[in-house]
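Here is the structure we will look at, set down as structure tokens.
Here is the naming used below: chain letters follow the sequence lines, and residue numbers restart at 1 for every chain.
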There are 2 protein chains.
Amino acid sequence: MDLQTKLNNAGLRMTRPRQVVLSILEEAPVPLSPQSIHQHSIEAGQEIGLVSVYRTLEVLMELALVRKVHGADGCHGYVIASPGHHHHLVCHECDRAIEFSGKEDLANLMARIQKETGYIVDGHMLQLYGLCPECQSKMKARVNE
Amino acid sequence: MDLQTKLNNAGLRMTRPRQVVLSILEEAPVPLSPQSIHQHSIEAGQEIGLVSVYRTLEVLMELALVRKVHGADGCHGYVIASPGHHHHLVCHECDRAIEFSGKEDLANLMARIQKETGYIVDGHMLQLYGLCPECQSKMKARVNE
DNA sequence: CTCCTTACTGATAAATATTTTCAATAAGGA
DNA sequence: TCCTTATTGAAAATATTTATCAGTAAGGAG
Ligand SMILES: [Mn+2]
Ligand SMILES: [Mn+2]
Ligand SMILES: [Zn+2]
Ligand SMILES: [Zn+2]
């Protein structure tokens, strides 16, 4: 299902800002902040009001088309999200983020915690951090200087 | 090791603001924002400048005495952290947060993702969401009205 | 295709949140 | 007790997010 239909199904309209924000996030290899998205829109000759960026992100979050990526210490920004449930793996050097899935691997853990705590566990957020292949190469190159 | 020594070891000093912020977080059953911590300090007759709250949180984060709790959609706030590595389980009704550990459970997953993606995976953040026992009771009570 | 209805946008202003500066204070080792 | 200097709090500067509102345009009805 495409953006147009997804929006219309929710009683929303397909507009230029929504297209632009989505396509900027689709291009970006790293999580972007609202300010950063706004900046990109200007550089692409498709300026969008900063306020609309905020509003659009809210909509896209509700449609689960984008997600927020967090760091242990702070929030990194928004990334495009493919359909379904999944997590993100973020490079702590360059912030490049990619998706991965692993729902099954958490099922045991979640069941155990539910039993131990008395909480009913019904959701989770998992993020992995590491060094992406590109940054690994750069690091090797630096050592060989 | 107590706060005093921990601070001194890092070349830092033990001060009232640091004691107060820490003890407020120790009391609190839910994650607190800087503003909220500031408010608590006033109500406790131990007012601390808001700016100092920010500075103190930064220090306590570095000492790993507090952590940030995130929601899928936004950041919840700061919570006290016991020593060592662990995660948080947050009630989406009342925000009550408790710790749990489960490093082993993730080892397989992390190894798999590392192989699949080429990233060197060296860190992770996991949070579970659910309904705490108290909120479960309230919910039942409401149904029986 | 044209006409409405009303969701949406962008400009502006307002409200919040965070960071910077700097003189005065106090922690804690000598 | 006396220094040195980390730390605090008040104030101001920035940055971020939300609220308003009149004008615009998406898209269904006819
Ligand atoms: Mn966050
Ligand atoms: Mn862990
Ligand atoms: Zn990288
Ligand atoms: Zn609860």
Given dT9(C), dC8(C), dA26(C), the nucleotide with the shortest approach to the side chain of P17(A): dT9(C)
Reported CD-to-CE distance for the pair Q127(A) and M125(A), which is rounded to 0.5 angstrom: 5.5 Å
Expected output: side-chain S41(B) to main-chain I48(B) donor-acceptor under 3.5 Å: yes
Rounded interatomic separation in angstrom, taking CZ from R16(B) and P from dT8(D): 10 Å
Whole-Å gap separating P (dC8(C)) and CG (L57(A)): 15 Å
Rounded interatomic separation in angstrom, taking CD1 from I48(A) and P from dG10(C): 7 Å
Identified side chain to side chain donor-acceptor pair (under 3.5 Å) partner of R67(A) from the options E99(A), H86(A), H87(A): H86(A)
Sugar-phosphate only, base, or nothing, as touched by Q4(B) at under 4.0 Å among non-hydrogen atoms: sugar-phosphate
Euclidean distance, atom CG of residue L7(B) to atom C1' of dG28(C) [Å, nearest integer]: 13 Å
Nucleotide nearest L12(B) when distance is taken to its side chain, options dA6(D), dA26(D), dG9(D): dA6(D)
Separation of dT7(D) P from L3(B) CG (nearest whole Å): 12 Å
Spacing between N8(A) atom CG and dA26(D) atom C1', to the nearest angstrom: 9 Å
Position toward the 5' end of DNA chain D (nearest nucleotide), G11(B) or V51(B): G11(B)
Side chain Q114(B), main chain V121(B), donor-acceptor under 3.5 Å: yes
Ring centres under 6.0 angstrom apart (H92(A), H76(A)): no
Contact under 4.0 Å: R18(A) side-chain N or O vs dC8(C) OP1/OP2: yes
Separation of atom CZ in R55(B) from atom P in dT25(C), rounded to whole Å: 16 Å
Short side-chain N/O contact from T15(B) to OP1 or OP2 of dT8(D), under 4.0 Å: yes
Near-ring test H70(B)/H88(B), centroid separation under 6.0 angstrom: no
For DNA chain C, the residues among residues 24-43 of chain A that have a non-hydrogen atom under 4.0 Å from it: none
Given dT17(D), dT7(D), dT18(C), the nucleotide with the shortest approach to the side chain of Y54(B): dT18(C)
Sidechain-backbone polar pair: Q136(A) side chain, L131(A) backbone, donor-acceptor under 3.5 Å: yes
Closest to side chain of R13(B), choosing from dG9(D), dA26(C), dT9(C): dA26(C)
For atom CD of E58(A) and atom P of dA7(C), their distance in whole Å: 16 Å
